[in-house]
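Structure record follows, encoded as structure tokens.
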Amino acid sequence: MLESLDSQFSILNLVDNEFVPPKSNSYLDDIGPATGATIARVPDSDGRDVDAAVAAAQRAFQAWSRTPAEARSRLLLGLADLIERDADELARIESLDNGKTVKLARAMDIPRAVANFRFFATAILHDSSEAHLTNDAALNYTLHQPIGVAGLISPWNLPLYLLTWKIAPAIASGNCCVAKPSELTPLTAHRLAELVVEAGIPPGVVNIVHGLGPKVGDALTAHPGVPIISFTGGTETGAAVMRNAGPLFKKVSLELGGKNPNVVFADADFDEAVATSMRSSFANQGEICLCGSRIFVERPIFDRFLEAFVAKTRALRVGDPSDDATDVGALVSSAHLAKVSGYLGIAREEGEVLCGGGRPANLPDRLRGGYYLEPAVVRSDRTDCRVMQEEIFGPVVTLTPFDDEAQVVAWANGTRYGLSASLWTRDLERAHRVAAALRAGTVWVNTWLLRDLRVPFGGVGDSGVGREGGRESLRFFTEAKNVCVKMGERR
Ligand code: NAD
């Protein structure tokens, strides 16, 4: 159905496995970043739509929470197969909506959505819980029980990848959910809704309400019938989520922004450090929360690193996201392009823009309205400036020389964020020492974005609260209950 997108095509909300228009009957324009043209219309939903979706999820919870794990697992595996069947179409839709290259969506976003469902579908079959014998007089064991209706709010940068990272563990654990995708990138969520129905997931288990954060997101996080909220997005929005959820004592997981350091010591494998740092700077147009946006390079190799890095950055091909020769597609929106460009203005005052930051020349006519930006490298010897402290979330990276380990650890840790970090060295002792000292939820050594879905994932400081991934997700989406059984007198 989404194959023939046009500006009049309206997606709908999914409530009780029915596709329904928003109660307001009004729609927002969904703009395609590659061209700046309207590609579809998105429901401008409000609290009434959230109420209906929560009611559907509450009704479904009665049966779904009692459905045996094996049966839930089979349904999720079926859904994963359908996503895989439609991977090509989903990759093209994701690219159309977000501006990322089809190549990247095909290699990363969609396979990861498949993996999310397969992972949690099988994780629930292998999970176990604790039991404790107490003085041989009592047996304590722990039940991990589903909680009810989960409110799931996701951002635009990895639309299907992050939406399914929430839906899969929530429903695998026996909860029902109301999901709110980003209003900027709703299309793959709509296609997922169709696949949910096709997979035979019972009505009400997955509900999707589209619309604006301050309307739909606000209503969802404030809803008394939604005791658990998983949110991924910006730090300021995370604070708004907390303001709603706090007084209602909801269980909350917040995956927020980052300003991740990438520390390259002089003994690192130079070529690999440069090549991977290119990816960690500019993959997905730099719009990944885990991108290493601050590169610190030890002084003996700084000039060489800078020269190689700038040359490779200049060689990146920016343009048509549907062309497999393209490295960097379009930014997600004109507002985001303006924000990122604004930071380049600041960078010119605070440091030196070594390359990029302009609009690519020679864009074909049909892409003239798109949101393109040449990837930029900024040299900054100060670490307290705005460009090195604030999340830019675009194809802009800073390069800074450092002289010793203590100094670079202090600089790396010197922001309000603490999501991830990379470090490059062949010195094993230093790798362990620096990894332990970095203030981050994830530290990669001699690599970047190598993900294992079993590991705890999340941030510290302004990068978030709580952990998801593997068992952490299963624990987050369930409530632990202790059952204590007296065993009777010993003979
Ligand atoms: P955002 O905070 O603007 O929006 C995220 C989601 O929240 C959207 O669905 C939006 O509609 C909704 N929202 C907006 N206002 C709301 C409100 N008042 N109440 C409830 N929901 C509301 O973020 P974004 O611009 O879509 O995404 C970019 C941000 O996400 C960056 O800061 C990035 O670092 C972060 N991010 C973090 C992770 C992570 O895992 N830590 C992953 C991806 C993105």
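Predicted model only: the values in this text are computed from it and were never measured. Just so you know, these numbers use all the heavy atoms, side chains as well, and skip hydrogens, waters and symmetry mates. Remember, it's 1-based here, ligands and their atoms both numbered in the order they're listed.
Checking only distances, K180 does come within under 3.5 Å of ligand 1, N or O to N or O. Residue-to-ligand polar distances keep S463 apart from ligand 1: every N/O pair is separated by 3.5 Å or more.
In this structure, atom 27 (O) of ligand 1 lies nearest to the protein heavy atom P155 CB, 3.3 Å. With respect to atom 37 (C) of ligand 1, the closest heavy atom belonging to the protein is L256 O, 3.0 Å. With hydrogens left out, the protein atom closest to atom 24 (P) of ligand 1 is W156 NE1, 3.3 Å, a heavy atom. Among all protein heavy atoms, the one lying closest to atom 35 (C) of ligand 1 is G233 O, 3.2 Å. The protein heavy-atom contact nearest to atom 36 (N) of ligand 1 is C289 CB, 3.6 Å. Distance from atom 15 (N) of ligand 1 to its nearest protein heavy atom, with residue and atom name: T237 CG2, 3.3 Å. Among protein heavy atoms, the minimum distance from atom 23 (O) of ligand 1 is reached at G234 N, 3.3 Å. Protein heavy atom nearest atom 9 (O) of ligand 1, with residue, atom name and distance: S154 O, 2.8 Å.
Nearest residue to atom 18 (N) of ligand 1 from C291, G458, A240 is A240 (criterion: closest heavy atom). Closest to atom 21 (N) of ligand 1 by heavy atom, among A239, G217, S420, is G217. Of the listed residues (F393, Y417, W165), the one carrying the non-hydrogen atom nearest atom 28 (C) of ligand 1 is F393.
Salt bridge R92/E89: absent, no basic N to carboxylate O contact under 4.0 Å. In summary, D44 and K215 engage in a salt bridge, as defined by a charged side-chain N under 4.0 Å from a carboxylate O. Between R106 and D324 a salt bridge is recorded (basic side-chain N to carboxylate O distance below 4.0 Å). E236 has a carboxylate O that lies under 4.0 Å from a charged side-chain N of R416, or vice versa, which qualifies the two as a salt bridge.
Judged by distance alone, the side chain of E94 and the main-chain N or O of L160 form a donor-acceptor pair under 3.5 Å. No donor-acceptor pair under 3.5 Å is formed between the side chain of N262 and the backbone N or O of R294.
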- Query: Where do K259 and T415 land on the side chain to side chain donor-acceptor pair (under 3.5 Å) test, with the steps shown first?
  - Reply: CA-CA 7 Å; K259 189 72 181 173; T415 73; over 6 Å; no
- Item | Full working for side chain to side chain donor-acceptor pair (under 3.5 Å) between E391 and Y417 | CA-CA 9 Å; E391 184 183 47; Y417 297 106; 4.7 Å; no
- Task: Report the C-alpha separation of E84 and R118 in whole Å, then their side-chain angles, then the decisive distance to 0.1 Å, and conclude whether the salt bridge (Lys or Arg N to Asp or Glu O under 4.0 Å) test is met.
- Result: CA-CA 11 Å; E84 195 165 55; R118 290 203 176 129; 2.7 Å; yes
- Please step through side chain to side chain donor-acceptor pair (under 3.5 Å) for the pair W156 and D97, ending with a clear verdict. CA-CA 9 Å; W156 50 257; D97 219 7; over 6 Å; no
- Task: Report the C-alpha distance between R191 and E194 in whole Å, list the side-chain angles of each, state the deciding distance to 0.1 Å, and finish with yes or no for salt bridge (Lys or Arg N to Asp or Glu O under 4.0 Å).
- Result: CA-CA 5 Å; R191 192 71 189 96; E194 294 178 332; 2.6 Å; yes
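Distances below 4.0 Å separate heavy atoms of E183 from the following atoms of ligand 1: 10 (C), 11 (O). Listed by number with element, the atoms of ligand 1 under 4.0 Å from a non-hydrogen atom of L419 are 41 (N). Close approach of ligand 1 to F457 is summarised as follows: ligand atoms under 4.0 Å from at least one heavy atom of the residue are 40 (O). The ligand atoms of ligand 1 that sit less than 4.0 angstrom from a heavy atom of N157 are 43 (C), 44 (C).
Contacts with ligand 1 closer than 4.0 Å are made by no heavy atom of N244, backbone or side chain. In I288, neither the side chain nor the backbone holds a heavy atom less than 4.0 Å from any atom of ligand 1. Contact annotation: for E236 versus ligand 1, there are no heavy atoms closer than 4.0 Å. Contacts between E391 and ligand 1 below 4.0 angstrom, taking non-hydrogen atoms only, involve the side chain exclusively. Under 4.0 angstrom from ligand 1, the non-hydrogen atoms of L162 all belong to its side chain. Residue contacts with ligand 1, taken as heavy atom pairs separated by less than 4.0 Å, involve I153 solely via side-chain atoms from C-beta onward.
Contact detail for Y343 and V387: the closest heavy-atom pair is O-CG2, 3.9 Å. When all heavy atoms are compared, the tightest approach of A193 to L14 is CB-CD2, 3.8 Å.
Annotation: cation-pi pair R451/W165 present, NZ/CZ under 6.0 Å from the ring centroid and within 45° of its normal.
A side chain to side chain contact (heavy atoms under 4.5 Å, CB included) with Q285 holds for exactly one of L373, N98, V318, V340; it is N98.
The shortest heavy-atom distance from G459 to ligand 1 is not under 4.0 Å. Distances from ligand 1 to the non-hydrogen atoms of S182 include at least one value under 4.0 Å.
In this structure, atom 7 (O) of ligand 1 has protein heavy atoms in its sub-4.0 angstrom surroundings.
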